[in-house]
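The structure appears right after this line, and notes come after that.
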Number of protein chains: 2
Amino acid sequence: MPTIYDVAREAGVSAATVSRVLNGARTVDPAMVARVLTAVRELGYRPNAVARNLRRSRTTLWAVIISDIGNPFFTATVRGIEDVAQQAGYSVVLCNSDEDPAKEETYVAAALSEQMAGVIIASSGSAKAAKSLLDSPIPVVAIDRQLPRGEVDTVVVDNEAGARTATRHLLDAGYRRIACVTGPEGVSTADLRLRGYTAALSEQQPPGEPLVARTDFREQGGYDAMAALLSSPERPDAVFVANNLMTVGALRCLADHEVRVPGEMGVVGFDEIPWADLVRPSLTTVAQPTYELGRMAARLLVDRIATPAGRPATVVLPAELRARQSSAR
Amino acid sequence: MPTIYDVAREAGVSAATVSRVLNGARTVDPAMVARVLTAVRELGYRPNAVARNLRRSRTTLWAVIISDIGNPFFTATVRGIEDVAQQAGYSVVLCNSDEDPAKEETYVAAALSEQMAGVIIASSGSAKAAKSLLDSPIPVVAIDRQLPRGEVDTVVVDNEAGARTATRHLLDAGYRRIACVTGPEGVSTADLRLRGYTAALSEQQPPGEPLVARTDFREQGGYDAMAALLSSPERPDAVFVANNLMTVGALRCLADHEVRVPGEMGVVGFDEIPWADLVRPSLTTVAQPTYELGRMAARLLVDRIATPAGRPATVVLPAELRARQSSAR
DNA sequence: ATGAAAGCGCTAACAT
DNA sequence: ATGTTAGCGCTTTCAT
């Protein structure tokens, strides 16, 4: 691979001049510019970003660490991030922690070692990863979930309000024994959505009794939790499921057990599913502004890189109920 | 941020010794090892990977460039790649070209500049990106789609056979006027799946007449193509759709036009959809071994990094028909 | 077993 | 406007 010195020799100039040309300095003679560009083309020269990054002690790469690449919520969010990043001159590298704290720590370590310009993270709950990030000078934005003990810029949706709306919706439809399937304790989305659910129940006269199943945020977890609820002595007549993949699992479980939805079991899920309207019965969900969430996070990161000091912002975006068939009665 | 020299000073040794300790050389006195590790911990030292990469002129990062992060086919494949990569000591950074050749070129350029250890790419069709990769010394594996004019390691499924099987399945079910919705010309999956479709038709007595709509591989494209077919004078009674997102679009279009599936229109899609069995009617698809495809691609890349020379391999994996309701008659 | 020193490829003072 | 030079942080000969 040719280096900048090969180009300099070929063009009969110094390496500094080549560097200036390539970095758009306008204090270079047009004739030199032409010679340099010709040499670059002839040699097929491509600047070594590693050397450049070392010298500049900064990069133009963002690490976006998400907790499940199979979850459409995250992939939609990434689209929003990418669009802003590209416009601001950054490239996005995506890291999939797969809800595994160990993997998350590996990716955080890589992002720090590689001197990435910034990190956007949907925490899988690793306190160690969070600490590494907070102890480092690297700008961080948390999305979807609060970073453990993290005083950082954050973009989330109003999980509690969304969950309360979803649960009220089931109550209004006439369901009386409403269960909740939520995610791991300590993951903010799991806890806040649960809180919204219990809040809605306690507003009733008489207050509804919570019936809660905790599992991971995966499809299989939703399946298993639903199966447990079905065979419980106080079998519910409706369920609020706190994320999209678990909702899919719950639906599959209900189909396998031939439980009619919404007749025998009303269902509302949190997070939109791309094909929620094609499923029969179509699925009532609490939709989040995923793309906008990504854009907002990226904007915060751009600002934070420009202004490392300053108080962290928390942006809360609204979530919105999309009533469809699965919650009708 | 502390450097290796700060650690050396703190531990009372040379930077070379610190480097040896951190890189697992066993020619270091255990007492020194202990002192170095203490110093590392106390200073919160983290090696600068950029400097290391420059010095070693290699990295441990793979770029995986996929053409649509919203497509479950790719995200499932990425999982397979990641598992092998991690085991082999590489980190995967995912780049989403979004079926946009310009974005693809940007990411290829970044991968080359950043001296990534290898690239796995599902080409969006950019000849320029392909040329950059082939002209460079970086090891490359193409997945899903042939790299334009690319003599590189490749992992694909047997697109033609899968498409033929799907089309025959519709013929066997009694459909007589079968259309095909496929992707852009020049994208190998689009062309080969079309070829399988026409092959199945021409095996008939008398040969069936092809009815082809070309569009992009996106959901909206599938919707529009289906709408065009519906209003065509020779309206088909079945359709073979050459990828999953377009199939979703086609289904939505059929739902909007209140065309009964499979009664008025049989549907088979290529690529599995995560919730194909939850949709009503459940969807007949040609399923690909996505995870295995990812693993295979990663293994080829590991081998290629170890042995840069040598003839490129092409691995063809089987695709398998999953008959469900949408193609019954 | 350890240290001194060179150099990976680039950019940015500084000098001219 | 251009060139000279130092050095980003690390690894790896080469000497000892």
Side-chain angles (χ1 to χ4, degrees), chain A residues 1-37 39-40 43-61 89 109-110 112-117 136-138, chain B residues 1-37 39-40 43-61 89 109-110 112-117 136-138:
Chain A
M1 293 238 91
T3 73
I4 200 169
Y5 285 99
D6 299 321
V7 176
R9 194 176 326 109
E10 178 82 11
V13 300
S14 74
T17 297
V18 177
S19 174
R20 287 189 189 104
V21 170
L22 262 32
N23 290 287
R26 36 320 171 80
T27 59
V28 188
D29 190 302
M32 298 243 138
V33 173
R35 269 156 63 194
V36 167
L37 292 180
V40 164
L43 295 175
Y45 170 72
R46 189 182 295 280
N48 182 324
V50 177
R52 167 187 288 166
N53 293 341
L54 177 59
R55 173 59 228 230
R56 286 189 177 157
S57 35
R58 63 196 155 83
T59 71
T60 59
L61 251 35
L112 295 177
S113 289
E114 299 284 347
Q115 320 285 116
M116 300 252 182
S136 82
I138 198 171
Chain B
M1 293 236 92
T3 73
I4 200 169
Y5 286 99
D6 298 323
V7 176
R9 195 177 324 112
E10 179 81 11
V13 299
S14 74
T17 298
V18 177
S19 174
R20 288 189 187 102
V21 170
L22 264 31
N23 290 289
R26 40 312 175 81
T27 60
V28 187
D29 190 301
M32 296 240 139
V33 173
R35 269 157 61 194
V36 167
L37 292 180
V40 164
L43 295 175
Y45 170 71
R46 188 184 296 279
N48 182 324
V50 177
R52 166 185 288 164
N53 293 341
L54 177 59
R55 175 58 230 233
R56 287 189 174 157
S57 34
R58 62 194 154 86
T59 71
T60 59
L61 252 34
L112 296 176
S113 288
E114 300 283 347
Q115 320 284 116
M116 300 252 180
S136 82
I138 198 172

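Naming convention: chains lettered A, B, ... in sequence-line order (proteins, then strands); numbering from 1 in each chain.
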Side chain of A:Ile4 (C-beta onward), nearest among D:dC10, C:dC10, C:dG3: C:dC10

Sugar-phosphate, base or nothing in reach of B:Val50, heavy atoms under 4.0 Å: nothing

Sugar-phosphate only, base, or nothing, as touched by A:Asn23 at under 4.0 Å among non-hydrogen atoms: sugar-phosphate

Rounded distance (Å) that lies between atom P of D:dT12 and atom CG of B:Asn53: 12 Å

Interatomic distance, B:Tyr5 OH vs D:dC10 C1' [rounded to whole Å]: 7 Å

Distance, rounded to the nearest Å, where A:Met1 contributes CE and C:dC10 contributes P: 10 Å

Between C:dC8 (C1') and B:Arg56 (CZ): distance, integer Å: 13 Å

Given DNA chain D, 5'-ward residue of the pair A:Pro30 and A:Ala51, judged by closest heavy atom: A:Pro30

5′-ward residue of the pair B:Ser14/A:Pro47 relative to DNA chain C: B:Ser14

B:Asn53: which of A:Val50, A:Asn53, A:Leu54, A:Asn48 passes side-chain contact (heavy atoms from CB on, under 4.5 Å): A:Val50

Atom of A:Tyr45, atom of A:Thr3 and distance for their closest heavy-atom approach: CE1-C, 3.5 Å

Under 4.0 angstrom between A:Tyr45 side-chain N/O and C:dC10 OP1 or OP2: yes

Length of the CZ-P vector between B:Arg46 and D:dC10, whole Å: 12 Å

Separation of atom CG in B:Leu22 from atom P in D:dT11, rounded to whole Å: 7 Å

For the student: nearest non-hydrogen atoms of B:Ser136 and B:Leu112, plus distance: OG-CD2, 3.4 Å

D:dG3 base / A:Arg20 side chain donor-acceptor hit below 3.5 Å: yes

Value in whole Å for how far the P atom of C:dG7 lies from CG of A:Leu54: 17 Å

Identified side-chain contact (heavy atoms from CB on, under 4.5 Å) counterpart of A:Val40 within the set A:Val21, A:Asp6, A:Val7, A:Ile4: A:Val7

Presence of A:Thr17 side-chain N/O under 4.0 Å of D:dG3 phosphate oxygens OP1/OP2: yes

Interatomic distance where CG belongs to A:Asp29 and C1' belongs to D:dG3 [whole Å]: 15 Å

Nearest-nucleotide comparison on DNA chain C, the residue closer to the 5′ end among B:Met32 and B:Arg55: B:Met32

Minimum heavy-atom distance between B:Ile138 and B:Met116, given as atom pair plus value: CD1-O, 3.2 Å

